**Q** 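Quick one: the structure is below, questions incoming.
Scope of the values below: all heavy atoms of this structure, side chains included, with no hydrogens, waters or symmetry mates. Bear in mind that the values here come from a model prediction, so they are computed numbers and not experimental data. Counting convention: from 1, in listed order, for ligands and their atoms alike.
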Amino acid sequence: MTKPGQFASDNYSGICPEALEYMLLANEGDAEAYGEDEWTRKACDEFRVLFETDCDVFFAFNGTAANSLALASLCQSYHSVIAHQTSHVETDECGAPEFFSNGSKLLLGDGAEGKLSPESIAELASKRTDIHYPKPKVISITQATEQGTVYTIDELQAIKEVADHYRLKIHMDGARFANACISLGKSPAEISWKQGVDVLCFSGTKNGMAIGEAIVFFDKQLAEDFSYRIKQAGQLASKMRFLSAPWLGMLKTGAWEKNARHANLCAAYLAEQLCEIPGVNLLRPCEANAVFVALPEQVIIKLRKQGWRIYTFIGAGGARFVCSWNSDKTRIDQLVHDVKQLMAK
Ligand SMILES: Cc1ncc(COP(=O)(O)O)c(C=O)c1O
Ligand SMILES: C[C@H](O)[C@H](N)C(=O)O
């Protein structure tokens, strides 16, 4: 039975046709295991084409592992990582970044609309320089952010400037990286390594794949022995082709950007429709595929009773609605109708 579309998270959506097509193509016959297959080689090459640079690429099952292992490769246990207080690595990874880095401390910074500000980074990076304090070593930013906003090129450049001043590496949580590219109208290279990002965790799951995150090292020295870190963490897929082949499909067919464009457009439409309801306002600008609105608790309770799934614990709170590659206008209109009815009571 096909369940109706939901807007709780882009993790609810199924597999897009392109990813499924390449999964099935890769299923023909046997193939080498643990990433020694042709599909994985081709997928890694396709990432180098997409990012226009000779980067090292690895695949993990989910974003928490990708973020945590990437951060662990950028610093030692006695270092600290500067992240926004509403970042996923802080709020929704159950301590995995600290666990996989053997104790690197997250230092929580601030900034409007979920975006870490250079001033906050500088404050944390310079607060303590004595031996008793975990030395800041990495900045972690999320693009698009947990609050549905995106870092502009100027903001990324300002972060790179402060990173250079304090000799900090830059990790980018790219759970919705594709959405940010579309939102900004910039290429993947322009909003990653060209702005000084050292490692990007690019989510396939949020973009229409079943599973699979790409960990893209632009500073290849940092990738040394990373495959051992992946293996030790239980993230080395024996049948790697079933992670890499869908990625090859997403990149070669352009589905990665088609899916993100569709999700962003749906979110923009949803935001516009919700804002026409008296009493409903955006909590943050809708710049990617997520819409955050303030709704009365009773309305949320009743929407849930009507079958809508709603997360209210993300980022700085509020009701979050996320659109995906498969979101459709009819279902969006149903949601808006139900919100309108309940708000009118
Ligand atoms: C901002 C962000 N980063 C990372 C992730 C990865 O989380 P997971 O481990 O659930 O794949 C998510 C999940 O949706 C996310 O929203
Ligand atoms: C719940 C969790 O934060 C997940 N990354 C999501 O965005 O839905």
**Q** Under a 4.0 angstrom heavy-atom cut-off, which atoms of ligand 2 come close to R176?
**A** 6 (C), 7 (O)
**Q** Step by step, would you call F321 with F292 a ring-ring contact (aromatic ring centres under 6.0 Å, His included)?
**A** CA-CA 6 Å; F321 298 107; F292 286 84; 9.2 Å; no
**Q** Between D164 and K160, is there a side-chain N and carboxylate O pair less than 4.0 Å apart?
**A** yes
**Q** Does a side-chain N-to-carboxylate-O contact under 4.0 Å join D56 and K220?
**A** yes
**Q** Does only the side chain of R320 get under 4.0 Å from ligand 2, or the backbone, or both, or neither? Count heavy atoms.
**A** side chain
**Q** Both conditions, 6.0 Å and 45 degrees, for the charged tip of R320 above the ring of W308: are they met here?
**A** no
**Q** Determine, for K329 against D333, whether the closest basic-nitrogen to carboxylate-oxygen distance falls under 4.0 angstrom.
**A** yes
**Q** Could a heavy atom of E93 be found less than 4.0 Å from some atom of ligand 2?
**A** no
**Q** How far is atom 4 (C) of ligand 2 from the closest protein heavy atom, and which atom is that?
**A** N11 ND2, 3.6 Å
**Q** Specify side chain, backbone, both or neither for D10, according to which of its non-hydrogen atoms lie closer than 4.0 Å to ligand 2.
**A** neither
**Q** Under a 4.0 Å heavy-atom cut-off, which residues neighbour ligand 1?
**A** N11, N62, G63, T64, N67, H88, E93, T142, E146, D173, A175, R176, K206
**Q** Does a side-chain N-to-carboxylate-O contact under 4.0 Å join D219 and K169?
**A** yes
**Q** For the residue pair W247 and F202, does the interplanar ring angle fall in the parallel (under 30°), tilted (30 to 60°) or perpendicular (over 60°) class?
**A** perpendicular
**Q** Are the charged groups of R48 and D45 less than 4.0 angstrom apart, N to O?
**A** yes
**Q** Using a heavy-atom cut-off of under 4.0 Å, does the side chain or the backbone of H88 touch ligand 2, or both, or neither?
**A** side chain
**Q** Is any N or O atom of D92, backbone or side chain, closer than 3.5 Å to an N or O atom of ligand 2?
**A** yes
**Q** Number the atoms of ligand 2 from 1 as they appear, then name those within less than 4.0 Å of a heavy atom of I314, with their elements.
**A** 1 (C), 3 (O)
**Q** Do ligand 2 and K206 have nitrogen or oxygen atoms that lie under 3.5 Å from each other?
**A** no
**Q** Under 30°, 30 to 60°, or over 60°: which ring-plane class applies to W193 and F218, parallel, tilted or perpendicular?
**A** tilted
**Q** Assess whether salt bridge (charged side-chain N to carboxylate O under 4.0 Å, His left out) is satisfied between E18 and K258, documenting all intermediate values.
**A** CA-CA 11 Å; E18 296 83 352; K258 180 190 74 167; 2.6 Å; yes
**Q** Just heavy atoms, cut-off under 4.0 Å: does V322 contact ligand 2 by side chain, backbone, both, or neither?
**A** neither
**Q** May I have the step-by-step check of salt bridge (charged side-chain N to carboxylate O under 4.0 Å, His left out) for E46 and K252, ending in yes or no?
**A** CA-CA 7 Å; E46 200 62 31; K252 282 193 87 64; 3.7 Å; yes
**Q** Closer than 4.0 Å to some heavy atom of S9 - which atoms of ligand 2 meet that?
**A** 6 (C), 8 (O)
